[in-house]
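Notes for the one structure printed next.
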Amino acid sequence: ALARGDAAGAIVALETARGIDATYAETHYRLGQAYESLGRWAEAKESYVRARDEDSKPTRAPSRLNDAVRRLASEYAATLVDRSLALTTR
């Protein structure tokens, strides 16, 4: 549905899929895309974060690692470019 431009329909289908397996990262990622296309930024961010955290690929940093980086940057007054804030500021 999302590929056809039906984000609302995609959300219904993806929410059903998430109910079947809440640990499947791609479902959360696609939900994020659908929410983003509807301008539902908070839900998009939540879905993208969950997709990253459920992803089994080690090339992506889970939330707990990002939190540690933020904490250390603050502690040492280091400059940090936090890309996750891009969805927060919309």
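Between S37 and L2 the shortest heavy-atom distance is OG-CD1, 4.3 Å. Minimum interatomic distance between G32 and A44 (heavy atoms only, all atoms of both residues): O-CB, 3.5 Å. Residues A34 and A7 come closest through the heavy atom pair O-CB, 3.8 Å.
A salt bridge between D53 and R50 is absent, with no side-chain N of the basic residue lying under 4.0 Å from a carboxylate O of the acidic one.
To the nearest 0.5 Å, atoms CG (L80) and CZ (R71) are separated by 12.5 Å. Note that the CG atom of L14 and the OH atom of Y35 stand 8.5 Å from one another [nearest 0.5 Å]. Interatomic distance, OG1 of T27 versus CD1 of I20, reported as 9.0 Å (0.5 Å rounding). The CD atom of E15 lies 7.0 Å from the OG atom of S47; values are rounded to the nearest 0.5 Å. We find the CZ-CG distance between R18 and L31 to be 5.5 Å, quoted to the nearest 0.5 Å.
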- Task: Could you give me the CA-CA distance, side-chain angles and deciding distance for R70 and D67, then say whether salt bridge (charged side-chain N to carboxylate O under 4.0 Å, His left out) is met?
- Result: CA-CA 5 Å; R70 285 185 200 99; D67 291 342; 2.9 Å; yes
- Task: Please assess W41 against K45 for the test side-chain contact (heavy atoms from CB on, under 4.5 Å), listing each intermediate value before the final yes or no.
- Result: CA-CA 6 Å; W41 306 115; K45 180 183 177 187; over 6 Å; no
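In this structure the side chain of I11 reaches within 4.5 angstrom of the side chain of R40, judged on heavy atoms. R52 is listed as a side-chain neighbour of N66, based on a closest heavy-atom distance under 4.5 Å.
Side-chain N/O atoms of E36 and Y48 include a donor and acceptor closer than 3.5 Å.
A donor-acceptor pair is defined here as one N or O able to donate and one able to accept, closer than 3.5 Å; such a pair exists between the side chain of H28 and the backbone of A22.
Within a 6.0 Å radius of CD in E46, no more than 12 heavy atoms belonging to other residues, nucleotides or ligands are found.
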